Amino acid sequence: MTGILQHWAGGAALKSTTERFGEVTDPATGQVTRRVVLATEADVDAVVGAAREAFPGWRDTSLARRTQILFAFRELLNARAEELAEIITAEHGKVLSDAAGEVARGQEVVEFACGISHLLKGSATENASTGIDVSSIRQPLGVVGIISPFNFPAMVPMWFFPIAIAAGNTVVLKPSEKVPSAAQWLAELWREAGLPDGVFNVLHGDRIAVDGLLTHPEVRSISFVGSTPIARYVYETGTAHGKRVQALGGAKNHAVVLPDADLDMAADQAINAGFGSAGERCMAISAVVAVGSAGDPLVEKIRERAEGLRTGDGRRGADMGPLVSRAAQERVSSYVDAGAAAGATLVVDGRGVTPDADGEGFFVGPTLFDHVTTDMSIYTDEIFGPVLSVIRVDTYEQAVALINANPYGNGTAIFTNDGGAARRFQYEVEVGMIGINVPVPVPTAYYSFGGWGSSLFGDTHAHGTEGVHFFTRGKVVTSRWIDPARRGPSGVAGGELDLGFPRNV
Ligand code: NAD
């Protein structure tokens, strides 16, 4: 893909008024592949306006018709998933199998949203008081904003938009300007699936686009995913402007390995969870907490496996691809420098790796530190790269205390064969998503995704029934109908009473 990528509004490309552009690169080669417009305030108005215009018609569209369109979208996505995976690899850098996995996880939310008619069912109570019935219904919000990060160009938007659309809202998606093409592809797929123009729109840009959505009076809610400082800002600004906000932030995820665990499995999983997508995952494990005698053999097993990983262009069958940008590569390398300088043992050094790729890609190879302490920046900061730190503790209690003291609370895992220890961990640990012998415990679409602490601002997690709740608002109806036998408005025969609307209604 080449040229300049424009916004998508009202079912077609919308030419921006901007003079600012972002550069999109292929991270495996370092080549600039296309440019993307960075929205002006006028662009925000135009794209939100298209969504606003489409809302009444989409809200009035029957659930049966909406569901048909969702099923059509699902079928098209199934048939063409590879195309989307290729776009993700070309702009993010993750290997094709990781990109295909991302698409599949997004597709699960589409499938969940296909059940919207069941999910939107309200409740009803007959004769709550004599002759009085009460029922509850949920209605869409209107125009909803979605702001997504670079690391999941398709899956993260798909955590939100299938449910938002199914529930009758119209959407403005602001993807990361580093990886904008997946959103465009998805917009075209919606059109092919029969979604009316203006229901799904894409606004490209940076802070101006984000601020425009956060303050726009027609935007009813914001679903944000990104780093913690921006998530906090989005939450505070959006709520100050009267919007419903769910803002998912950064992470520092720990895996506790008890001495009784299957250490080969734990090492395999540490490799997957630490180096999958080059560590650019909010559910990546970046800290392995080795308890007691687990330490030495575990580090040895992770070292052997990390040294065997092939780093290279994600289209060439590598195990691990590049980082997203030159800045990310430099940032991650500087953390490795800092960890070594702070006295951690650098067991595997990914700086200066020789990747299987052409050009000047943004590579850092798998990196493993041992004897990391909690005051080191490689522990305190979210590195967002292929750097795995092993922290040694003597007891299970120390491991849990360490996790609970961390400001983030996205995901965590425990490796053990002791059911009692696992159960206690699940009870005590202050983190939103827990894996028991599962390293990346991303909930399936019918559960909800979200962390605790500095990993999420707002009350509602993504997708599952919490997602349906987020994208709708409740109404409760209390009604009384007089029995026709006793006469009253509904018992008036012959239409003598003027009810104030045409007789044929
Ligand atoms: P980011 O915070 O830099 O960007 C996220 C979005 O915010 C992008 O659309 C970007 O354009 C916009 N943005 C960037 N700077 C902004 C600013 N100053 N003002 C307003 N908007 C701004 O995050 P990223 O680097 O794209 O993604 C990586 C981060 O996302 C990591 O911290 C990762 O943990 C987090 N993440 C979290 C989850 C989760 O579920 N909790 C999932 C994926 C990624």
Side-chain angles (χ1 to χ4, degrees), residues 3-25 34-54 91-92 141-154 156-161 164 169-187 198-227 229-249 324-325 457:
I4 297 178
L5 183 58
Q6 300 285 346
H7 309 298
W8 181 268
L14 177 92
K15 196 163 183 320
S16 172
T17 57
T18 194
E19 290 176 1
R20 300 185 312 126
F21 300 88
E23 285 189 340
V24 183
T25 45
R34 73 189 315 187
R35 295 200 301 158
V36 60
V37 296
L38 300 176
T40 60
E41 283 166 12
D43 293 353
V44 178
D45 261 348
V47 178
V48 171
R52 176 73 193 87
E53 204 176 310
E91 293 188 356
H92 174 281
L141 305 178
V143 178
V144 302
I146 299 168
I147 301 165
S148 55
F150 80 82
N151 66 320
F152 283 105
V156 166
M158 288 167 80
W159 280 351
F160 306 106
F161 70 65
N169 301 281
T170 55
V171 169
V172 175
L173 167 63
K174 209 272 330 146
S176 165
E177 62 277 34
K178 297 189 180 93
V179 292
S181 301
Q184 166 75 20
W185 189 90
L186 287 162
V199 177
F200 182 78
N201 307 278
V202 183
L203 174 74
H204 292 293
D206 53 10
R207 181 170 185 159
I208 290 176
V210 171
D211 284 344
L213 291 175
L214 291 177
T215 55
H216 201 292
E218 291 290 356
V219 176
R220 304 284 180 235
S221 73
I222 297 288
S223 301
F224 172 90
V225 181
S227 57
I230 312 288
R232 188 179 280 118
Y233 167 77
V234 163
Y235 181 74
E236 287 171 359
T237 313
T239 51
H241 284 82
K243 300 186 196 320
R244 188 177 282 198
V245 181
Q246 49 181 182
L248 285 70
V324 71
S325 62
F457 302 90

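For reference, positions follow the sequence shown, starting with 1. The structure presented is a predicted model; accordingly, all values stated were derived computationally and were not measured.
The two residues V219 and G145 come nearest to each other via the heavy atoms CG1-N, 3.9 Å. Of all non-hydrogen atoms in F152 and P157, the two that sit nearest each other are O-CD, 3.4 Å. The two residues S148 and P175 come nearest to each other via the heavy atoms OG-CA, 3.3 Å. Counting all heavy atoms, side chain and backbone alike, P149 lies closest to V156 at CD-CG1, 3.6 Å. The nearest pair of heavy atoms linking W8 to F200 is CD1-O, 3.5 Å. Across all non-hydrogen atoms, the minimal contact from N201 to A51 is ND2-CB, 3.4 Å.
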_Is there a side-chain hydrogen bond (donor to acceptor under 3.5 Å, both in side chains) between Q246 and S223? Walk through the geometry before answering._
CA-CA 5 Å; Q246 49 181 182; S223 301; 2.8 Å; yes
*asked:* For L213 and V48: C-alpha separation, side-chain torsions, deciding distance, then whether side-chain contact (heavy atoms from CB on, under 4.5 Å) applies.
replied: CA-CA 8 Å; L213 291 175; V48 171; 3.9 Å; yes
*Which is it for V36 and F21 under the side-chain contact (heavy atoms from CB on, under 4.5 Å) test, yes or no, and what are the steps along the way?*
CA-CA 5 Å; V36 60; F21 300 88; over 6 Å; no
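Although no hydrogens or angles enter the test, the distance criterion places no donor-acceptor pair under 3.5 Å between the side chain of D45 and the main chain of A42. Listed for the K243 side chain is a donor-acceptor partner under 3.5 Å among the backbone atoms of H216. T18 contributes a side-chain N or O that, together with a main-chain N or O of L38, makes up a donor-acceptor pair within less than 3.5 Å. For D211 (side chain) and I208 (main-chain N/O), no donor-acceptor pair under 3.5 Å exists by modelled atom type. Between the side chain of H204 and the main chain of H7, no donor-acceptor pair closer than 3.5 Å is present. Formation of a donor-acceptor pair under 3.5 Å by the N169 side chain with backbone atoms of V143 is not found in this model. In terms of modelled atom types and a separation under 3.5 Å, the side chain of K174 and the main chain of G205 share a donor-acceptor contact. Remark: side-chain polar atoms of T239 are paired, donor with acceptor, to backbone N or O of E236 under 3.5 angstrom.
Under the 4.5 Å side-chain criterion, counting only non-hydrogen atoms from C-beta, F160 is not in contact with V144. Within the 4.5 Å cutoff, the side chain of I222 has heavy atoms near those of the V234 side chain. At least one side-chain heavy atom of F224 sits under 4.5 Å from a side-chain heavy atom of I230. No side-chain heavy atom of H241 sits under 4.5 Å from any side-chain heavy atom of L214. The shortest side-chain heavy-atom distance between E91 and P180 falls under the 4.5 Å cut-off.
Atom OG in S227 sits 12.0 Å away from atom CG in L248 (nearest 0.5 Å). Note that OG of S181 is 4.0 Å distant from CZ of R34, once rounded to the nearest 0.5 Å. Taking CD of E177 as the start and CG of L5 as the end, the distance is 12.0 Å to the nearest 0.5 Å.
Within a 6.0 Å sphere centred on CD of E53, other residues, nucleotides and ligands contribute 12 heavy atoms or fewer.
Residues forming a ring pair (Phe, Tyr, Trp, His ring centres under 6.0 Å) with H92 (at least two apart in sequence, or on another chain): F150.
For the side chain to side chain contact (heavy atoms under 4.5 Å, CB included) with V37, the qualifying choice from L203, L14, I4 is I4, the only one to do so. Here the rule is side chain to side chain contact (heavy atoms under 4.5 Å, CB included) with V172, and of I146, I147, V47 only V47 fits it.
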